[in-house]
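Have a look at the structure below, then the notes.
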Amino acid sequence: MLVGIVGKPNCGKTTFLNAACLTTAKVGDYPFTTIEPNPGTAYVRVKCACKDLNVTDNPKNSICLDGIRLIPIELLDVAGLVPGAWEGKGLGNKFLDDLRRADVLIHVVDASGSTNAEGQPVEAGSWDPIEDVKFLEHEIIMWFVQILQRDWKKFTRKIEQEKLKITDALAERLSGLGITRVHVMKAQKNAKIDGERPSKWSEEDLVAFATELRKIAKPMIILANKADAKTSEQNIKRLQDFSQEPVIPACTLGEFFLRQFAEQKKIEYQPGASSFKILDESAFSAKEKGILENLQALINKFGSTGVQAALDTAVFDILKMIPVFPVHDVSTLADKDGNVLPDAYLIPEGTTIRQFAGKIHTDFAKTFIHGIDARTKKRIGEDHVLKSCDVVKIVSAK
Ligand SMILES: Nc1nc2c(ncn2[C@@H]2O[C@H](COP(=O)(O)OP(=O)(O)OP(=O)(O)O)[C@@H](O)[C@H]2O)c(=O)[nH]1
Ligand SMILES: [Mg+2]
């Protein structure tokens with residue numbers, strides 16, 4: 001799973017990545033600080049199965065902290081997008097191509113209104129961040145449209161002459177963008193587009209189709225960043241009223257400091273928490289203490305710094321992922337080497353045990369015989385839909 005971090009230049013995308021992943025990618029108060037994408041690994045938190053099964057675990061692909069399993073997810077911070085990027089403006093399509101693999105997008109917006117469309121600093125409050133939300137969605141839609149329009153006539157002629165299925169042909173054509181047949185089918189249905197005569201689709205039809213496809217294949221949340229600025233509060237309310245997507249107020253810079261101080265053992269802080277505790281008063285100057293007080297006040301107002309909340313919303317509310325723990329031995333709950341509850345996987349709600357087997361190893365799906373629920377010790381058939389926090393064994397012929 002890949003979370004793409006997008007937005008116009010200078011809105012705080014790299015600061016978000018650094019805060020979420022404790023990386024040190026370059027940040028600057030000017031546009032296009034980032035050109036090559038910065039990858040990072042962050043964690044989402046779920047209740048670990050060790051808690052209710054009352055076992056001591058030895059996690060391998062994830063981390064367990066006092067019964068909370070931290071599961072890694074991949075993030076990608078990309079270059080800033082400016083209006084017309086889909087036509088090649090700014091860094092253009094290169095930026096968009098970096099997002100091909102993204103399953104969900106976090107759109108970072110400068111809620112303080114102190115950067116214009118190109119990411120140049122302007123007087124605080126003078127730019128309307130609602131414009132950023134409108135333009136970014138438009139850019140992604142037009143990126144899809146422009147890919148679809150290449151050879152559209154030739155493509156649709158072939159479909160009609162050879163009596164191919166438009167859904168299959170479109171899914172194949174768009175597969176490089178991480179778009180599946182199910183995505184295409186849903187988008188066609190929502191856009192109410194005739195599947196019989198694709199050669200008759202107008203440009204408006206293509207835009208309507210791409211608009212629906214964007215919502216399904218690249219769902220988005222809005223991170224209303226720089227919430228610490230005076231001009232942000234009113235804009236955050238306006239963004240929440242305007243946007244169809246979830247809007248999460250955030251102070252990514254504050255989260256970055258908290259995470260660093262926690263790493264240095266100067267404070268006690270868990271990402272996403274609503275408070276932190278100073279462990280070493282002498283480690284901070286009077287000015288730094290003032291900053292920390294302001295940060296606590298901001299967290300009190302918004303519930304958290306918004307960074308972990310954005311990741312959790314993207315993974316659990318938008319992608320609807322659930323954690324599942326595969327084991328080799330249902331009595332000891334261990335793998336072949338005796339590690340108890342070694343791995344936690346994130347899978348979409350509705351995944352069957354057989355589909356899950358295929359995610360662990362393609363061979364498993366082919367040679368799948370049945371599953372076993374480690375809690376009940378009962379056999380489960382291939383169509384059994386997994387639940388959050390299930391612990392399962394896969395029995396295969398291999
Ligand atoms: N006040 C405030 N400033 C922030 C916050 N997050 C980022 N900034 C500042 O915004 C500026 C841009 O931050 P970056 O993280 O480099 O922004 P970016 O979106 O990656 O920019 P490009 O790579 O140029 O597209 C820097 O001066 C940051 O310190 C925040 O939460 N509050
Ligand atoms: Mg950057």
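In each ligand, atom 1 is the first atom listed, and ligand 1 is the first ligand listed. Positions are given from 1, in the same order as the sequence printed here.
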Is a donor on one side and an acceptor on the other found under 3.5 Å between the side chain of Lys226 and the backbone of Val109?
-> no
For Lys377 and Val330, indicate whether the former's side chain and the latter's backbone hold a donor-acceptor pair under 3.5 Å.
-> yes
Tally every protein N/O/S atom whose distance to the Mg ion (ligand 2) is less than 2.8 Å; waters are neither shown nor counted.
-> 2
Run through ligand 1 for me and note each protein residue having a heavy atom under 4.0 Å from it, chain first, then residue number.
-> Pro9, Asn10, Cys11, Gly12, Lys13, Thr14, Thr15, Val27, Gly28, Asp29, Tyr30, Pro31, Phe32, Thr33, Thr34, Gly80, Asn225, Lys226, Asp228, Cys251, Thr252, Leu253
Quick check: does any side chain N or O of Gln355 sit under 3.5 Å from a backbone N or O of Thr352, one acting as donor and the other as acceptor?
-> yes
Identify which one of Val55, Val324, Ile372, Leu333 satisfies the side-chain contact (heavy atoms from CB on, under 4.5 Å) criterion when paired with Val391.
-> Leu333
For His370, does its backbone N or O pair with a side-chain atom of Lys393 as donor and acceptor, under 3.5 Å?
-> no
Among Asn235, Thr231, Asp132, which residue meets the side-chain hydrogen bond (donor to acceptor under 3.5 Å, both in side chains) test with Trp127?
-> Asp132
Parallel, tilted or perpendicular: ring planes of Phe261 versus Phe257, cut at 30 and 60 degrees | parallel
Under 3.5 Å, is there a donor-acceptor pair between the side chain of Arg259 and the main chain of Ala19?
-> yes
Output yes when Asp241 and Arg238 qualify as a salt bridge under the 4.0 Å nitrogen-oxygen rule, no when they do not.
-> no
